[in-house]
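Okay, so here's the structure we're looking at.
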Amino acid sequence: MSSNIPYSQIAPPGAKRYSLHDRPVSYPETEDNRQSELEPIYERSHENDPPFSPGLLPPGAGAPAPVSRFYGLSAEEGGPNPSFTHSDPSFRTPSYHPIDDDRDVTQEVNFDQPRHSDYRRSVLANEGTTPTFGYQDTPFIPPQSYHDEPYNNSEMNASAVPIPLQDVGGGNGNGYREFAEKNRFYESPRKQSTRKAWLCTTIAVVILIVAAAVAVPVYFFVIKPHSNSASSDGSSGSSGSSSSSGGSPSSGSGSGGKGSAAAITGTDGSIVTTDNGTTFTYNNTFGGYWYWDPKDPFNNGARAQSYVPALNETWDWNNNHIFGVNLGGWLNTEPFISPALYEPFYPNAVDEYTLSQLLANSSSGLQGALEEHYATFITEEDFAQIAAAGLNWVRIPLPYWAIETWDGEPFLEGVAWKYFLKAIQWARKYGIRINLDFHAAPGSQNGWNHSGKLGQPNFCKFLRVHPYAAATALIFVNPAVYGPMGLANADRSLDYLRILVQFISQPQYKDVVPMLGLLNEALTPNIGTQPMYSFYVQAHGVLREITGTGTGNGPILSLHDGFVGVDPWAGLFPGSDRLALDIHPYFSFAEQSNAPIAAQGLRACQTWGSGTNSSMGAFGITAAGEFSNAINDCGTYVNGVGIGTRYEGNFPGWTEPALGSCSTWLDYKNYDQPTKDGMKQFAMASMDSLTNWFFWTWKIGANPATGEIEAPFWSYQLGLQEGWMPTDPRTAYGVCASLGVPATSAPPVPATATGGAGAGTISAAFAASYTPWPVTSLASIASANVLPTYTATGTLKTMPGPTFTTPGSTATFDAGSGWFNSADTVGAHVPVAGCTYFDQYVLDLASQPPLPTAACVGSAAKKAKRNPAPAPTPAPKL
């Protein structure tokens, strides 16, 4: 059983801590009544509740738990520009409510109480008074009414049959069932027979009523709204599409269970049948429910938890908070996350580029090895577990080779896309939203292994001086290494962003993938803000021309802060439509600390204070796309293959003394309870300070050499299993205030951030302050015009959707053409005939070719137009 942070560290002075299993009971503890973690119980205020919207709850699903407008401490990249402080005064001191030990909780539930949806939680300050507590408000008993029909209409509720979640009364003899049971025991056989007949009749009637109550709301609140929405969007999304699969049905069609009798929805405790026929139990104590109907595969009625909107409902950026995880190391591999792939080739496989070269010559082959990894590292059950952990978003890193590769590039082309489609299907089924992150660009945007190739970046720049250039013995030894393909690689990246936006803006996918990260961790201080921001201005214009502007028209576009912090972003890109800021606050890659683990939470609160809160108002939606539990850089391959650690003092160029041995931190099986408590407090303080966040990462694979997970700081899943991650992320609210960090309130996000008034085209004056695209001026070169560029005369690739076959038929559902806006007819960037091009990646200085002295015009033909009705690539079989 996992343990919370010591209560004394987070509770206000004199406060008492209670939970359902704290109180004395007169019956033995069992697995059914034991909670896995002590949870605080909050008083809830419904004074400002919004009107209830029936939503899309299946029978038995709980009404949404309260949602608070609470912005905790903010985050910024650790390193040279740390800043930040914190949250909302009204959440400064949580109040914990005692429970009457003599009462049975189930006897106090008012099943006829009107339910509320999306109401706010108020965690009141403890004023020394004894608070009251209503059992219907406990997070351990599903909230409010539990009628079959998900309505809040009092007349309808009054006529409905209340269905409690368990027998009223307990096994201790105090329940009202006791006397009726005794009477039945002593009745005559004739009377018993009569009662049995009446009982059977009553049961049959109740079953019919329940069946009707199940079918009617599911149709009217899940299926029918989706059908109407699909019709208004111009998407068929329904069975009977005229297209034919031309083969066996895709496995996606069986995801909800095989056969017509398979369940299509379920809540906590339901059995899920996966697309390969295996089953597992869906455990979700947060009121979430899954939904998968093979006859309606694009239905977005699922809900991850009761306190967040279903996929076909609007996310409120001022009230709903991202509790997310990354699926790192899955479709874009990294040595420390997926060591099973890299360890057999140690020390030669240092990134996916070298791994691909080595796998191509191995017995398993490149596709065999990577497909095995894709199919097993993340599965459908992971998505169910993510929802069960109280998480509502995933961030999925995707490399450019998921779309295509060019000659000479060793990566596996296109296969990762097949599994990204599976991710969409699974996220849809469990009500989870996706932030799709373009993680690896041609040429590398930062020179780190997760960009595809370790070395020098060759993106949107000419000369690069790496921050470690003067200090390391790595390949960053000569700051004169240049990247002449930077502009060409940037144009190619714009093509891939167009392809992704065209796909995810289609009505079949836009609600499941409502955010796109334009470029992960571009090294802006070295690339330069002028060319980088020019690229963003160009990307915004190109992509919004595809999607249109305003709420719901294509994804939110997320920009990484470029390691400059949040403050310089205030007011940038005025007039833009739905831009978000992505920050990656880490302690692990900068100054190391040997402070006690119990002090790390306060460190997070003090370092990542008010920055995010202020950025929410000054720029717009601001979220930590990555953060972790790493308080140092210990972990096998965390810094890279064959590279030491700062903590142990053997990182190349690190001049600070060693602070200890990493073996202590890697041996998580021997963590004592204070260590786990301190780690949990650090995690919760980070969550509270960041408000909207994606933990990096959900899973770390075991190292095949030892059979152990050797980077435990970085695994959310392992933290849940071992007890140093909170089982309910909402319990992080107020942690920083409880540690004494002054709270600050976050202003509402600007209307332009959500597609409201003023959103549209970036201010002409602002755009004019940056070099028009393609840039003509780069650092250390007189004219960027002489650098190699491509011409937009090629044919862009169109990404396929999945194949879903209508049950009992060969007809398939409309999965979209892959091209949302047929008016986008600009061609793909391709080499100019007759011109010379260099390797897309930067090589060592000795291998660099001579710089061009004049622009190459070659023999390029007149600019081609794209076919306005592209034929999609054949759909992969899921």
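Values in this document were obtained by computation on a predicted structure and should not be read as measured data. FYI, side chains are in, hydrogens and waters are out, and symmetry mates aren't considered; it's all heavy atoms of this structure.
Ring centers of Phe820 and Phe503: at least 6.0 Å apart, outside the cut-off. A centroid separation of less than 6.0 Å is found between the aromatic rings of Tyr586 and Trp714. The ring of Tyr419 has its center closer than 6.0 angstrom to the ring center of Tyr374. Ring to ring, Phe323 and Trp693 are close: their centroids are under 6.0 angstrom apart.
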task = Apply side-chain hydrogen bond (donor to acceptor under 3.5 Å, both in side chains) to the pair Ser338 and Glu334, showing each step before the final yes or no.
result = CA-CA 6 Å; Ser338 332; Glu334 294 190 37; over 6 Å; no
inquiry  = Run the side chain to side chain contact (heavy atoms under 4.5 Å, CB included) test on Asn348 and Leu355 for me, step by step, so that the C-alpha distance in whole Å, both residues' side-chain angles and the decisive distance to 0.1 Å come before the verdict.
reply    = CA-CA 8 Å; Asn348 298 315; Leu355 176 69; over 6 Å; no
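The closest side-chain donor-acceptor pair between Trp698 and Asp382 falls under 3.5 angstrom. No side-chain N or O of Asn632 forms a donor-acceptor pair with one of Gln592 less than 3.5 Å apart. Side-chain N/O atoms of Asn692 and Trp393 include no donor and acceptor closer than 3.5 Å. When only modelled atom types and interatomic distance are considered, Ser534 and Gln530 share no side-chain donor-acceptor pair under 3.5 Å. Checking Tyr342 against Glu352 by side-chain atom types alone, no donor-acceptor pair falls below 3.5 Å.
For the pair Tyr353/Asn449, no side-chain contact is recorded, criterion being any heavy-atom separation below 4.5 Å from C-beta on. The shortest distance between side-chain heavy atoms of Arg498 and Leu543 falls below 4.5 Å. Proximity of Gln445 to Pro457: side-chain heavy atoms (C-beta onward) are nowhere separated by under 4.5 Å. Looking at Phe694 and Val394, their side chains never come closer than 4.5 Å, going by heavy atoms from C-beta outward. Here the side chains of Met515 and Leu436 are not in contact, with every heavy-atom distance at 4.5 Å or above. Residues Val826 and Val542 have side chains not in contact (no heavy-atom distance under 4.5 Å, counting atoms from C-beta outward). Annotation: side chain of Leu331 is in contact with side chain of Ile396 (closest heavy-atom distance under 4.5 Å). At a threshold of 4.5 Å between non-hydrogen side-chain atoms, the residues Glu371 and Val415 count as touching.
Not counting sequence neighbours, Glu404 has no partner by the salt bridge (Lys or Arg N to Asp or Glu O under 4.0 Å) test. Glu626 meets the salt bridge (Lys or Arg N to Asp or Glu O under 4.0 Å) test with Arg395; sequence neighbours excluded. Looking at residues two or more places apart in sequence or on another chain, you find a salt bridge (Lys or Arg N to Asp or Glu O under 4.0 Å) between Asp577 and Arg544.
Residues Ser364 and Ala369 share a closest heavy-atom pair of OG-CB, 3.5 Å. Residue Phe336 comes nearest to Ala711 through the heavy atom pair CD1-CB, 3.9 Å, listed as atom of the first residue, atom of the second, then distance. Between Val566 and Gly611, the closest heavy-atom pair is CG2-O, 3.8 Å. Taking all atoms of both residues into account, the shortest heavy-atom contact from Ile504 to Pro555 is CD1-CG, 3.8 Å. Residues Tyr770 and Leu572 approach most closely at OH-CD2, 4.3 Å, considering heavy atoms.
In summary, of the residues considered (Tyr841, Tyr496, Tyr790, Phe411), a ring-ring contact (aromatic ring centres under 6.0 Å, His included) with Trp406 occurs for Tyr790 alone. Exactly one of Phe695, Phe713, Trp696 qualifies for a ring-ring contact (aromatic ring centres under 6.0 Å, His included) with Phe627. That residue is Phe695.
At a threshold of 4.0 Å, the pair Asp351-Lys453 does not count as salt-bridged, since none of the basic side-chain nitrogens sits closer than that to a carboxylate oxygen. Between Asp495 and Arg492, no side-chain nitrogen of the basic residue sits less than 4.0 Å from a carboxylate oxygen of the acidic one, so the salt-bridge criterion is not met.
At least one donor-acceptor pair under 3.5 Å links the side chain of Asp633 to the backbone N or O of Arg646. In this structure, the side chain of Gln502 does not engage the main chain of Ile546 through any donor-acceptor pair within 3.5 Å. Put simply, the side chain of Asn489 gets close to the backbone of Asn458: a donor and an acceptor are under 3.5 Å apart. In this structure a side-chain-to-backbone donor-acceptor pair under 3.5 Å is missing from Lys699 to Leu327. Under the 3.5 Å distance criterion, the side-chain polar atoms of His373 are matched with a main-chain donor or acceptor of Gly329. The backbone N or O of Glu372 lies less than 3.5 Å from a partner atom in the side chain of Thr376, making a donor-acceptor pair. In terms of modelled atom types and a separation under 3.5 Å, the side chain of Thr354 and the main chain of Ala349 share no donor-acceptor contact. A donor-acceptor pair under 3.5 Å is formed between the side chain of Thr697 and the backbone N or O of Asn326.
Classified by interplanar angle (parallel below 30°, tilted 30° to 60°, perpendicular above 60°), the ring pair Phe573/Trp569 is tilted. Note: Trp654 and Phe651 have perpendicular aromatic rings, judged against thresholds of 30 and 60 degrees for the angle between ring planes.
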